[in-house]
Amino acid sequence: MKTRSLLLLFLLAFFSSCIVKSIQPFYIAEATEYQPHLIGEWTDNKKATWTVVSFKDMFLEDNKDWAKVSDEDKVAYQKYKDGYFIIRTKNDKESVFMAMPFKIDEQLFMDFIPFDNEEISNDLVSQHLLRTHSVAKIDTLESNTINITWLDESRLTDLFKKDKLKLKHEKVGIDESFVLTATSKELYAFLKKYMKADIENKWESSEKYTLTKTNAQP
């Protein structure tokens, strides 16, 4: 009986709505745009804290002698210099992401991917998991308040079922959720069309946060 209850809870967790995931980033290099106002300490509407740090600043602080930087690290620097490390902390538990800001027309987005964590990476279960990209729309409400809204899987599931969306994807797991397998160029083009599409509640999401900066200048 206990086993059946655990299985039911497991299935309910898997079948609940979640964010859209992709193998490839949602942005193209020429669309990235560094946003200095995102740097700092924030709190969200779910009582969690967010620390947003410039990848460029951290990299240069750790690599003051450029001559000793490996070619591989130099490539990584050029690729991610407009990005951020983001740490979300709630109940003493940290979620760490690498995030890249990019724009479609004048709308700001952020591509998120989980960052390596040695303790997590050594866990056998977690080694079965694939680190995928997700995308969130960033809206400024006031000078020190922003909304972060992830693209929700249920929005695209409906489009796939109605054959209104032709975007490469695969169904995975026991819940048969999907993972996008399209190229970054195709994903960016999709987001551009999606922004202009007349779709009801297209940014309704199970993952939406309102962040207020806690270290804002007076």
Side-chain angles (χ1 to χ4, degrees), residues 8-33 35 38 44-46 48 50 80 83-84 86 88 95-115 126 128-141 146-211:
L8 178 60
L9 289 172
F10 178 76
L11 290 172
L12 286 173
F14 265 87
F15 278 95
S16 61
S17 182
C18 57
I19 59 178
V20 173
K21 297 173 285 292
S22 170
I23 301 298
Q24 300 297 330
F26 283 86
Y27 63 91
I28 52 177
E30 53 267 34
T32 60
E33 186 174 309
Q35 302 290 317
L38 296 179
D44 68 24
N45 56 312
K46 300 183 180 181
W50 298 58
Y80 299 115
Y84 316 95
I86 297 181
R88 182 176 186 266
S95 301
V96 185
F97 299 91
M98 180 73 190
M100 288 294 293
F102 66 98
K103 279 190 172 181
I104 295 178
D105 297 325
E106 293 304 311
Q107 177 63 56
L108 179 62
F109 290 88
M110 194 96 79
D111 179 280
F112 286 80
I113 189 168
F115 194 73
S126 66
H128 288 76
L129 305 178
L130 182 65
R131 291 184 178 87
T132 54
H133 293 262
S134 66
V135 66
K137 184 164 69 78
I138 313 296
D139 296 302
T140 300
L141 304 181
I146 60 174
N147 270 349
I148 301 182
T149 308
W150 264 266
L151 182 59
D152 199 280
E153 188 175 89
S154 60
R155 307 281 81 79
L156 269 60
T157 297
D158 187 53
L159 294 177
F160 281 132
K161 286 181 178 178
K162 295 178 179 178
D163 203 26
K164 292 184 178 180
L165 179 60
K166 303 293 184 182
L167 196 62
K168 296 175 184 176
H169 64 284
E170 294 289 342
K171 292 184 178 181
V172 297
I174 61 172
D175 62 329
E176 293 194 336
S177 62
F178 65 83
V179 175
L180 300 179
T181 57
T183 65
S184 292
K185 186 175 181 180
E186 291 169 334
L187 293 168
Y188 184 82
F190 153 71
L191 284 175
K192 194 165 188 175
K193 290 182 179 179
Y194 190 73
M195 285 296 295
K196 297 178 180 178
D198 184 17
I199 301 173
E200 187 177 2
N201 300 321
K202 62 184 176 183
W203 285 104
E204 185 176 298
S205 178
S206 59
E207 295 295 334
K208 182 175 182 177
Y209 301 87
T210 298
L211 275 63

- Message: Restricting to side chain to side chain donor-acceptor pair (under 3.5 Å), what partner residues turn up for Lys208, sequence neighbours left out?
- Response: none
- Task: Please round to the nearest 0.5 Å and tell me the distance separating atom NZ of Lys192 and atom CD1 of Ile104.
- Result: 7.5 Å
- Only one of Thr132, Ile86, Val135 passes side chain to side chain contact (heavy atoms under 4.5 Å, CB included) with Phe112; say which it is. Ile86
- Item | Partners passing side chain to side chain donor-acceptor pair (under 3.5 Å) against Asp163 (at least two apart in sequence or in another chain) | Lys166
- Residue pair Tyr188, Gln24: steps toward the side chain to side chain contact (heavy atoms under 4.5 Å, CB included) verdict: CA-CA 11 Å; Tyr188 184 82; Gln24 300 297 330; over 6 Å; no
- At what distance, to the nearest 0.5 angstrom, does CZ of Phe97 lie from CZ of Arg88? 8.5 Å
- On a heavy-atom basis, the closest approach of Ser184 and Pro25 is OG-O, 2.8 Å
- Can you name the residues that form a side chain to side chain donor-acceptor pair (under 3.5 Å) with Thr140, not counting sequence neighbours? none
- Query: Are Phe178 and Phe160 close enough that their ring centers fall under 6.0 Å?
  - Reply: yes
- Query: Could you give the distance from CH2 (Trp203) to CG (Leu151), rounded to the nearest 0.5 Å?
  - Reply: 5.0 Å
- Note on the structure: Distance col, row Phe102:CZ vs Glu30:CD, nearest 0.5 angstrom, shows 12.0 Å
- Item | Rounded distance (nearest 0.5 Å) linking atom OH of Tyr194 with atom CG of Leu165 | 9.5 Å
- Task: Let me see the working for Thr149 and Asn147 under side chain to side chain donor-acceptor pair (under 3.5 Å), right down to the final yes or no.
- Result: CA-CA 6 Å; Thr149 308; Asn147 270 349; 5.4 Å; no
- NZ/Lys161: more than 12 non-hydrogen atoms of other groups inside 6.0 Å: no
- Let me know which of Asp44, Leu141, Asp139 forms a side chain to side chain contact (heavy atoms under 4.5 Å, CB included) with Thr210. Leu141
- Item | Evaluation steps, side chain to side chain contact (heavy atoms under 4.5 Å, CB included), between Ile199 and Arg155 | CA-CA 9 Å; Ile199 301 173; Arg155 307 281 81 79; over 6 Å; no
- Applying the side chain to side chain contact (heavy atoms under 4.5 Å, CB included) test to His133, which of Leu180, Val20, Ile113 qualifies? Ile113
- Within 6.0 Å of NZ in Lys103, more than 12 heavy atoms from elsewhere: yes
- Query: Should the heavy atoms of other residues, nucleotides or ligands under 6.0 Å from CZ of Phe190 be counted, would the total exceed 12?
  - Reply: yes
- Query: Stepwise, does the side chain to side chain contact (heavy atoms under 4.5 Å, CB included) test hold for Leu38 with Met110?
  - Reply: CA-CA 11 Å; Leu38 296 179; Met110 194 96 79; 3.6 Å; yes
- Check: Met100 main-chain N/O paired with Asp111 side-chain donor or acceptor under 3.5 Å: no
- Measuring from Glu153:CD to Lys21:NZ, what's the distance to the nearest 0.5 Å? 5.0 Å
- Query: Quick one: does Lys185's side chain have a donor or acceptor within less than 3.5 Å of a partner on Ile28's backbone?
  - Reply: no
